Amino acid sequence: MQIADIIRQLSIQALKAVFDIDATPESLTINETKPEFTGDYTLVLFPFVKQARKSPDALGASIGEWMQANAPEIISGFETVKGFLNLSVSNQYWVIFLQQQGGEHFGMAAPHGKKVMVEYSSPNTNKPLHLGHLRNNFLGWSVAEIYKANGYNVMKTCVVNDRGIHICKSMLAWQKFGNGATPATTQTKGDHLVGDYYVKFENELRSQSEPVLHELLEGRDVAGMDEAALQKAKLLVAKLSDGQLPDDKQSEIRDELKDMARNATPIMHEVRDMLRKWEQGDPETMALWKMMNGWVYDGFDVTYKRIGSNFDKIYYESETYLEGKQYVDEGLNRGVFFRKEDGSVWIDLSGEGLDEKLVLRKDGTSVYITQDIGLAKHKYADFPMEQSVYVIGDEQNYHMNVLKHICKKLDMPFADGIHHLSYGMVDLPTGRMKSREGTVVDADDLCDEMEKVAADKTAELGKVEGFTEAELKVLYHTLGMGALKFYLLRVDPKKRMVFNPEESIDFHGFTGPFVQYTYARIQSVLKKAGYTKETDKDLTEAGLLPLEREQIKLLEQFPGMVKQACTEMSPSVIAHYAFQVAKAFNSFYAEHSIAKAESEEKRTLRLEISYLTGVVIRNAMKLLGIAVPERM
RNA sequence: GGUCCGGUAGCUCAGCUGGAUAGAGCAACUGCCUUCUAAGCAGUAGGUCCUAGGUUCGAAUCCUAGCCGGAUCACCA
């Protein structure tokens, strides 16, 4: 049990014994004592002043005395200040903790058999990965590690969006403009090559749609548009030329016309044809699809390997997208869904504060949500988990809410365990990333840049001596990825965040390399001092200086942080904690000599503190997916 | 318009199940490398915690209203 919980228990016992007050653990406020007062943890007395019918000072004194008398091995002293009972934890407690609780796996809970699935990454096979995907990947990986550290059996999954009109766009453009180009002939990474053709498609579409839009605005008929659409377009144009509409309404109509024009272009007709052929299983189209997707997967493999991401199971949408339909029948039979006159199927979620939601089109084909229902069921069949975490951007909050409600209404056993780990978009200092303006930060480029900066800084500091070329390469990778991951994970996931390129490559302060540096420093000290673990030496008499005590206190909190990170599904908790530990150690290091301590007991004590700090940093960073170097 | 999320130092972010004088990092300024790694440490300066009410011993934190920013409310995925 952690010391904060022990103090909580003691407080409850004291209140009962001295004042006969029944307090619940939740009704107690226990904080760390502010540095300006003496003590380690503080019990807030105000809530009990009335019941005890004592002044805060008297109340605090009684409780403090009781604790000191009944748990002298834990509480060594107390002080009541203005309604706050500041409790000092005994040196003995801290030292015993340091010698006995520590170990290579400190902070990691034993397995308890509960299962959790974490779905993350979810790439499209028409574009390479970018900065937003990195936030997703790092979050997913880290949350999976955090669950493992809390004793869960974790299955990491990835759902690949490998079908649909957007995939066909790359395929069509390659057919039209590619001249048989392959990753090999062009020396281009497969995902980038395919992405390039996606861009080519969009460019072609733009140039084709401009004249069409012009025609529409002129009120002329456009080939390839059906009668109804044409009528609608004419109506919109008439509204526009009216000149009566406010600006925002006007631009809305312009956007709508633009869309219509885009859809009426020859190339959009072609791409829709291609999708139809794909759905019919046309051999030629399938072959093209398989070939190009293969290129993309080869490219993704390289990137995933580089960023240290992998999955236990990959689901391909092309294989699962038809599965949801069978549950529509089930839902209809049970009255969860209803059918409208046109044949479309809906669910009414107005009771849940949402709207009516379509689950099957009138032509009988499934929509996004239908596929997700099918996939959820499929996942559960593969891995009957208690919890299922979806790492998906916050623009899908509504969708995920709907999915959870539908699964609940269908009485799916995993429904209550569905959690949407919703994260905010990554913006640039200049605003949001826009592919049209070419401001998207490519994942591969970013990794290159980070490693290059790591190399430059290392060279600048003259720290390359004693490393082989191969070791340096590993080090640059460790540092570059550490900086990037830490930068993206230190922010609360649900918040939108700003990616400042200059700040992200900073290796000072609240950064990955700072924590990594502290770890390397510790290993260097331990190595030079010839450290070996000593558990039988009696250190309780050596006393604890303030910085020594602070450091042990911080380390003792690690298991609690691991738990908190899990309940909050927030790696940022770990990032902040890891930084705090590193920062405190550096102060301690600067103030006290470790290997040349004043006495043998102090030397042993400080080596133990250093060792456990190293363990905590390594384990905490591992939860973030960040490796730590033995030297740097 | 409905729903959800955010608004804390010049910038990026903690703190939000109510607790003591609101914290880090970056940027600025001052010091500290013949002693275990200076990618470090110590210090100075920097705040209407969006606004206005309310709840109470106590509010950045809870409630109400409003302001600003974002997302979403598709027979797209």
Side-chain angles (χ1 to χ4, degrees), chain A residues 26 29 31 33-34 36-37 42 44-47 49-50 56 81-84 86 122 124 161 163-167 317 321 340 342-346 353-355 357-369 371-372 393-399 401-402 422 424-425 427 429 432 454 457-458 460-461 463 479 483 487 490-492 494-500 502-504 506-518 520-529 572-573 575-576 579-580 582-583 585-597 606-607 610 631-632:
Chain A
E26 299 77 43
T29 306
N31 299 322
T33 304
K34 300 249 168 196
E36 53 271 34
F37 302 100
T42 296
V44 181
L45 299 166
F46 296 108
V49 167
K50 243 185 207 166
V81 183
K82 294 193 297 182
F84 297 90
N86 300 328
S122 317
N124 288 350
N161 187 323
R163 62 160 285 279
I165 194 104
H166 52 297
I167 310 296
E317 213 181 274
Y321 80 111
K340 288 194 176 173
D342 64 1
S344 57
V345 179
W346 297 71
L354 306 171
D355 299 317
K357 195 80 192 162
L358 180 90
V359 294
L360 202 66
R361 296 191 187 101
K362 63 185 172 208
D363 64 6
T365 56
S366 54
V367 290
Y368 184 30
I369 193 82
Q371 296 172 33
D372 267 0
D394 61 7
E395 69 275 9
Q396 301 212 33
N397 285 352
Y398 181 78
H399 172 78
N401 207 355
V402 169
S422 159
M425 196 164 287
D427 288 324
R432 64 189 290 178
K457 298 214 176 191
T458 305
E460 228 173 82
L461 291 167
K463 296 202 178 190
L479 295 179
Y487 185 82
R490 68 186 203 184
V491 181
D492 182 355
K494 73 166 179 284
K495 287 196 176 172
R496 222 182 154 94
M497 68 173 288
V498 175
F499 181 88
N500 185 330
E502 280 162 36
E503 206 178 279
S504 70
D506 196 342
F507 285 11
H508 303 275
F510 187 23
T511 65
F514 172 90
V515 181
Q516 291 172 317
Y517 171 74
T518 308
R521 191 182 228 187
I522 291 168
Q523 298 319 304
S524 168
V525 171
L526 293 179
K527 201 172 156 195
K528 285 195 180 161
S572 71
V573 169
H576 282 271
F579 172 67
Q580 209 187 343
K583 171 110 180 122
F585 181 84
N586 283 329
S587 300
F588 163 77
Y589 174 93
E591 191 65 29
H592 303 299
S593 186
I594 296 166
K596 291 178 198 148
R606 288 180 192 161
L607 281 170
S610 306
R631 58 198 176 113
M632 65 185 269

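All of these numbers come straight from a predicted model, not from anything done at the bench. Chain letters run A, B, ... following the sequence lines, proteins first, then strands; residues in each count from 1.
- To the nearest whole angstrom, the two C1' atoms, one in B:rC11 and one in B:rG47, are 14 Å apart.
- Rounding to whole angstrom units, CD of residue A:E502 and P of B:rC26 are separated by 15 Å.
- B:rG23 and B:rC13 make up a base pair, with Watson-Crick or G-U wobble contacts both under 3.5 Å.
- Closest approach to the A:F507 side chain among B:rG25, B:rA39, B:rC75 is made by B:rA39 (side chain taken as heavy atoms from C-beta onward).
- If you take CD of A:Q516 and P of B:rG40, they are 12 Å apart, rounded to a whole angstrom.
- Stacking here means ring centres nearer than 5.5 Å and ring planes tilted less than 30 degrees, and by that measure A:Y517 does not stack onto B:rG40.
- Out of B:rA39, B:rA20, B:rA77, the shortest distance to the side chain of A:N161 is found at B:rA77.
- Out of B:rG19, B:rG40, B:rU37, the shortest distance to the side chain of A:N31 is found at B:rG19.
- Straight-line distance from the CG atom of A:L45 to the P atom of B:rG58: 17 Å, rounded to whole Å.
- Taking a pair to require two hydrogen-bonding distances under 3.5 Å in either a Watson-Crick or a G-U wobble arrangement, B:rU35 remains unpaired.
- When distances run from any side-chain atom of A:V498 to the nucleotides B:rU35, B:rA77, B:rU12, the shortest one goes to B:rU12.
- In this structure, the side chains of A:R521 and A:N586 come closer than 4.5 Å at one or more pairs of heavy atoms.
- With respect to A:T42, the side-chain hydrogen bond (donor to acceptor under 3.5 Å, both in side chains) criterion is satisfied by exactly one of A:N31, A:T29, A:N86: A:N86.
- Pairing for B:rG43 is with B:rC29, a Watson-Crick or G-U wobble pair whose two hydrogen-bonding atom distances lie under 3.5 Å.
- A:H166 has no side-chain polar atom (N or O) that falls below the 4.0 Å cut-off from OP1 or OP2 of B:rA77.
- The side chain of A:D355 sits closest to B:rC73 out of B:rA39, B:rC73, B:rU12.
- Here the separation of B:rC62 from B:rG2, taken at their P atoms, is 22 Å to the nearest Å.
- Taking atom CZ of A:R521 as the reference point, atom C1' of B:rC33 lies 11 Å away to the nearest angstrom.
- In this structure, of B:rC73, B:rA20, B:rC26, it is B:rC73 that holds the atom nearest to the side chain of A:Y398.
- For B:rC33, the base adopts the syn conformation, since its glycosidic angle falls within 90 degrees of zero.
- In this structure, A:F588 has its ring center under 6.0 Å from that of A:F585.
- A:F510 and A:F579 have tilted rings, their planes meeting at an angle from 30° to 60° on a 0 to 90° scale.
- Residue A:K34 places no side-chain atom within donor-acceptor reach of the base of B:rU21, judged by atom type and a 3.5 Å distance cut-off alone.
- Regarding A:K583, its NZ atom lies at a distance of 20 Å from the P atom of B:rC13, rounded to whole Å.
- Remark: C1' of B:rC76 and CZ of A:R163 are 11 Å apart, rounded to the nearest angstrom.
- For A:D342 and B:rC75, a side-chain-to-base donor-acceptor distance below 3.5 Å is present, hydrogens and geometry of angles not being considered.
- Judged by atom type and distance alone, A:K463 reaches the base of B:rA39 through a side-chain donor-acceptor pair under 3.5 Å.
- Which of B:rC75, B:rA77, B:rA20 sits closest to the side chain of A:S344 comes down to B:rC75.
- OP1 or OP2 of B:rA77 sits under 4.0 Å from a side-chain N or O of A:R361.
- Toward the 5' end of RNA chain B, the nearer of the two residues A:Y589 and A:H576, judged by each one's closest nucleotide, is A:H576.
- For A:R361 (side chain) and A:S344 (main-chain N/O), no donor-acceptor pair under 3.5 Å exists by modelled atom type.
- The environment of A:K527 atom NZ is sparse: at most 12 non-hydrogen atoms of other residues, nucleotides or ligands sit within 6.0 angstrom.
- Checked by atom type and distance alone, the side chain of A:R606 pairs as donor or acceptor with a backbone atom of A:S593 at under 3.5 Å.
- Comparing B:rU12, B:rU21, B:rC36 by their closest approach to the side chain of A:K82 singles out B:rU21.
- Counting heavy atoms from C-beta outward, A:L479 and A:K457 have side chains that stay 4.5 Å or more apart.
- When distances are taken from the side chain of A:V367 to each of B:rC13, B:rC36, B:rA77, the shortest belongs to B:rA77.
- Along RNA chain B, the nucleotide nearest A:F46 and the nucleotide nearest A:T511 are compared for position; the residue whose nucleotide lies closer to the 5' end is A:F46.
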All N/O pairs under 3.5 Å across the protein-nucleotides 15-18 of chain B interface:
none

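- Using a 4.0 Å heavy-atom distance criterion, A:Y368 is classed as a base contact.
- With its ring centre under 5.5 Å from that of the base six-membered ring and a plane angle below 30°, A:F84 counts as stacked on B:rA20.
- When distances are taken from the side chain of A:S524 to each of B:rA24, B:rU37, B:rC13, the shortest belongs to B:rU37.
- Protein atom CZ of A:R432 is 18 Å distant from nucleotide atom P of B:rG6, rounded to whole Å.
- Between the side chain of A:D372 and the base of B:rA77, no donor-acceptor pair of N or O atoms lies under 3.5 Å.
- Base pairing of B:rG18: no nucleotide in any strand meets the Watson-Crick or G-U wobble criterion (both distances under 3.5 Å).
- Donor-acceptor pairing under 3.5 Å is lacking for the side chains of A:T511 and A:D506.
- When both distances must be under 3.5 Å, the Watson-Crick or G-U wobble mate of B:rA65 is B:rU51.
- Using a 4.0 Å cut-off between charged nitrogen and carboxylate oxygen, A:R490 and A:E503 count as a salt-bridge pair.
- A:R490 places its CZ atom 9 Å from the C1' atom of B:rC26, with the value rounded to the nearest Å.
- A 3.5 Å limit on both hydrogen-bonding distances identifies B:rG70 as the Watson-Crick or G-U partner of B:rC4.
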